[in-house]
Amino acid sequence: MSDKPEKVRVRYAPSPTGYPHVGNIRTALFNWLFARHCNGVFILRIEDTDVARTVEGAVDIIMNSLRWLGLDWDEGPYFQSQRLHIYREAAENLIKGGFAYRCYCSSERLAAMRQEQIKLKRPPGYDRHCRNLTSEQQTEMEGRGIVPVIRFKIPLEGQTIFNDLIRGDIVFENSTLDDFVLLKSDGYPTYHLANVIDDHLMEISHVMRAEEWVPSTPRHVLLYRAMGWQPPIFAHMPMILGTDRSKLSKRHGATSINEYQDAGYLPETLFNFLSLLGWSLDDKTEIMSRDEIIKKFSLERVSKTAAIFNKEKIDWMNGMYIRSLSPDEFAGKVIPFMEKALPLEIHRPLDESYIRSIAPLIQDRAKLLAEVPELTGFFFVDNLDYDAKLLLNKIEKPQAVQILQVVLAKLSIANTWSREMLEETIRPLTVEMNLKPGIFFGVIRVAVTGKTATPPLFETMEVLGKDRCIKRLTTALEKLTPV
RNA sequence: GGCGCAUUCGUCUAGCGGCCCAGGACGCCUCCCUCUCAAGGAGGAGAUCACCGGUUCGAAUCCGGUAUGCGCUACCA
């Protein structure tokens, strides 16, 4: 435990089966953090050994997700599908060394065996039917054209112990392990074989992966031993659970990292939030910069217990990061979301300088970039669509009409247009009419925005501009006094 | 069923034998600020530290058992 390897080399090894989900990315993040903290090497390795499950384009998606989060890799991507000869040769050597054997069992036989085991309440596992086949029997099977798999010979007795950096020593009875497949009949290695070989060949110092891998680690340790290799240091990360405490999956809502990107979470939010899922610095620090997290990250402070992804908290944190942006940065990030989600009738490309004037009004109010178009739609549309009743929310009709008329009269003769001018003009009117500002402004607000909750009135009107405001006030008046 | 891991406020967590009748954060509630909504500020409610034994002068912290949860149990990773 005390003697650290001279060079830290870790890897993120996803299988290209689709969009990486947050738990997976969290593992990538911890590996990356550890590498950067130790001045080590972060390697990207694609575990594409399941031909059936491999998804076209998934590798690009994975790489783009890493890039988006700012997780750069020093080596790779390596592809296991391009290294098949290595695994095959290793498997053959294992057979020669007496550590593995060919198995000719059909999937039908295996399925039947499994069913029987379950029926008899026996622990399911391969029954070692082919473990001691004679060479005559083997030749006969080959003659029948059966393509075998290669299985590992688990020692029948004894126990396998390994140390997990997070959990301490973990012990398994070898008798509870079955002879797992190393090489599939299609010539591809299983995860177990490829993973062990690559981690060794790539000189991985620490294997950091999710907790779900703990049960297969003794197999890996046995494999390292059979190969005559020194196993790496293992550290199994706590899992990320859905709100029902089960393994995070689609039915828990947004799980893949790109969904968070599309919803308008900032990469720094995900980076910070994910770093806190299973790791903590102390009893209070939560908002931390990327550099600070790298500097402070340590495996000693990774927790053992699975964590539930707390949506309310990541939303809060995203709001924090949005507010920490400069107005200009914020506007820049908002523009693509506007282009995408604002009603189609609004002319594209959108007026960027107009967006830049709107952005500061909404920055304190947005938790997600994707909600900004909805929040600011009224700045763009030609005709407001709202129920006239909104104008009479807290006031009787005659007064509302009077408010609109008075304001309209004052503003139409205005020759300047600024928030100060607007406030200096309108606020005194509330006194004259003896109305609470909240009520008075409320009528104007609805008239000018169609909504009851908006950014501050005068700043909003300033951005909207005189023409639009006058037109909307007039329209509101017409709504209340049909001709 | 077997094997493994885990168990502190609803959630994320701090705590590594006395500083803890348990601290912070999100969420929730109240108040302040205020033209609405936010943001911000100040308070508050919320955990018999899963349970039962043991070790100890002293346990959330160490040990054992029980329960519960989760994971694994494929020619998937």
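Here is how names work: the chains are called A, B, and so on, in the same order as the sequence lines, proteins then strands, and each is numbered from 1.
The side chain of Thr190(A) approaches A77(B) more closely than any other nucleotide in the set A77(B), U36(B), C12(B). Closest approach to the Arg167(A) side chain among A6(B), A74(B), A77(B) is made by A6(B) (side chain taken as heavy atoms from C-beta onward). Of the listed nucleotides (C35(B), U11(B), A77(B)), U11(B) has the atom at the smallest distance from the side chain of Asn310(A). Which of G24(B), A38(B), C75(B) sits closest to the side chain of Lys284(A) comes down to G24(B). Side-chain atoms of Glu211(A) lie closest to C5(B) of the nucleotides A77(B), C12(B), C5(B). Side-chain proximity of Thr454(A) to the nucleotides A77(B), A25(B), U36(B) is greatest for U36(B). Listed nucleotides: C72(B), C3(B), C26(B). Nearest to the side chain of Trp316(A): C26(B). The side chain of Pro215(A) approaches C72(B) more closely than any other nucleotide in the set G4(B), C72(B), A14(B). Comparing atom distances between the Ser185(A) side chain and each of C3(B), C75(B), C26(B) picks out C75(B) as nearest. Comparing G23(B), U13(B), U36(B) by their closest approach to the side chain of Arg365(A) singles out U36(B).
Backbone-only engagement by Thr305(A) is indicated by non-hydrogen atom pairs under 4.0 Å involving sugar-phosphate atoms exclusively. Residue contacts shown for Gly438(A) are limited to sugar-phosphate atoms, with no base heavy atom under 4.0 Å away. Using a 4.0 Å heavy-atom distance criterion, Pro455(A) is classed as a base contact. Nucleic acid contact for Arg114(A): sugar-phosphate only, since backbone atoms but no base atoms lie under 4.0 Å from a heavy atom of the residue. Note on Arg53(A): a base of the nucleic acid sits closer than 4.0 angstrom, heavy atoms only. Arg301(A) comes within 4.0 angstrom of the backbone, heavy atoms only, and of no base. Among the heavy atoms of the strands, none lies under 4.0 Å from Lys451(A). Using a 4.0 Å heavy-atom distance criterion, Thr243(A) is classed as making no nucleic acid contact. At a threshold of 4.0 angstrom between heavy atoms, the contacts of Cys103(A) with the nucleic acid are absent. Phe309(A) comes within 4.0 angstrom of nothing in the nucleic acid, heavy atoms only. In this structure, Ser15(A) reaches the sugar-phosphate backbone alone: every heavy-atom distance under 4.0 Å involves primed, P, OP1 or OP2 atoms, never a base. Residue Ile170(A) is classed as a sugar-phosphate contact, given heavy-atom separations below 4.0 Å to backbone atoms only. Residue contacts for Met239(A): at a heavy-atom cut-off of 4.0 Å it reaches the sugar-phosphate backbone alone, with no base atom in range. Pro189(A) comes within 4.0 angstrom of sugar-phosphate atoms only, judged by non-hydrogen atoms across all strands, and of no base.
In this structure U55(B) sits in no base pair that meets the Watson-Crick or G-U test at under 3.5 Å. Pairing for G4(B) goes to C70(B), judged as Watson-Crick or G-U wobble with the two contacts each under 3.5 Å. In a base pair of the Watson-Crick type (N1 to N3 plus N6-O4 or O6-N4) or a G-U wobble (N1-O2 and O6-N3), with each distance short of 3.5 Å, C31(B) is matched with G41(B). Pairing for G46(B) is absent, with no Watson-Crick or G-U wobble pair whose two atom distances lie under 3.5 Å. Across all strands shown, C76(B) remains unpaired; no Watson-Crick or G-U wobble contact has both distances below 3.5 Å. Nucleotide C9(B) is matched to nothing when pairs are restricted to Watson-Crick or G-U wobble geometry with both distances under 3.5 angstrom.
Rounded to a whole angstrom, the distance from the P atom of G65(B) to that of C3(B) is 13 Å. Taking atom P on both U48(B) and G10(B), the two are 8 Å apart, rounded to the nearest angstrom. With both ends at atom P, the span from G43(B) to G23(B) equals 15 Å, rounded to whole Å. Comparing the C1' positions of A60(B) and A47(B) gives a spacing of 11 Å, expressed to the nearest Å. Rounded to whole Å, the separation between the C1' atoms of C49(B) and C16(B) comes to 14 Å. Separation of the C1' atoms belonging to U8(B) and A14(B) is 10 Å when rounded to the nearest angstrom. Rounded to whole Å, the P atom of U61(B) lies 14 Å from the corresponding atom of G53(B).
Distance Glu286(A) CD to U13(B) P: 10 Å, rounded to the nearest Å. The separation between Lys184(A) atom NZ and C75(B) atom C1' is 7 Å, rounded to whole Å. Rounded to a whole Å, the CG atom of Leu165(A) is 16 Å from the P atom of C5(B). As a whole-Å value, the separation of Met317(A) CE from G27(B) P is 11 Å. Residue Lys304(A) contributes atom NZ, which lies 17 Å from atom P of C12(B) at whole-angstrom precision. The interatomic distance linking Ile439(A) (CD1) with C35(B) (C1') rounds to 11 Å, in whole Å. Atom CZ of Phe79(A) and atom C1' of A77(B) are 16 Å apart (whole Å). Computed from coordinates, the Leu281(A) CG to A25(B) P distance equals 15 Å when rounded to whole Å.
Between Asp179(A) and Arg128(A) there is a salt bridge, with a side-chain nitrogen of the basic residue lying less than 4.0 Å from a carboxylate oxygen of the acidic one. Salt bridge status for Glu286(A) with Lys284(A): absent, with no side-chain N to carboxylate O gap under 4.0 Å.
For the OP1/OP2 pair of G1(B) and a distance below 4.0 Å, the side-chain nitrogens and oxygens of Arg122(A) include no atom meeting the criterion. When the side-chain nitrogen and oxygen atoms of Arg427(A) are compared with OP1 and OP2 of C35(B), one or more of them lie within a distance under 4.0 Å.
Annotation: side chain of Thr285(A) is not in contact with side chain of Lys296(A) (no heavy-atom distance under 4.5 Å). Between Ile314(A) and Asn318(A) the shortest side-chain heavy-atom distance does not fall below 4.5 Å.
Ring-plane geometry between Phe458(A) and Phe441(A) is classed as perpendicular, the angle between the planes exceeding 60 degrees on a 0 to 90 degree scale with a lower cut at 30. Ring geometry, Trp213(A) versus His220(A): the interplanar angle falls from 30° to 60°, so the pair is classed tilted.
With ring centers used as reference points, Phe271(A) lies 6.0 Å or more from Phe297(A). Two rings, from Tyr87(A) and Tyr188(A), have their centers 6.0 Å or more apart.
Remark: the Lys313(A) side chain and the A25(B) base include a donor-acceptor N/O pair separated by less than 3.5 Å. You'll find a donor-acceptor pair under 3.5 Å spanning the side chain of Arg445(A) and the base of C35(B), going by distance alone.
A cation-pi arrangement is present between Lys479(A) and Tyr386(A), with the terminal nitrogen or guanidinium carbon under 6.0 Å from the aromatic centre and inside a 45° cone about the axis.
Residue order along RNA chain B, read from the 5' end via each residue's closest nucleotide, puts Ala306(A) first among Lys394(A) and Ala306(A). For the pair Trp279(A) and Glu312(A), both in contact range of RNA chain B, the more 5′-proximal nearest nucleotide belongs to Trp279(A).
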Show me the side-chain donor-acceptor pairs of residues 113-125 of chain A shorter than 3.5 Å, one per line, residues at least two apart or across chains.
{"unit_1": "Gln117(A)", "atom_1": "OE1", "unit_2": "Gly125(A)", "atom_2": "N", "d": "3.2"}
{"unit_1": "Gln117(A)", "atom_1": "NE2", "unit_2": "Gly125(A)", "atom_2": "O", "d": "2.7"}

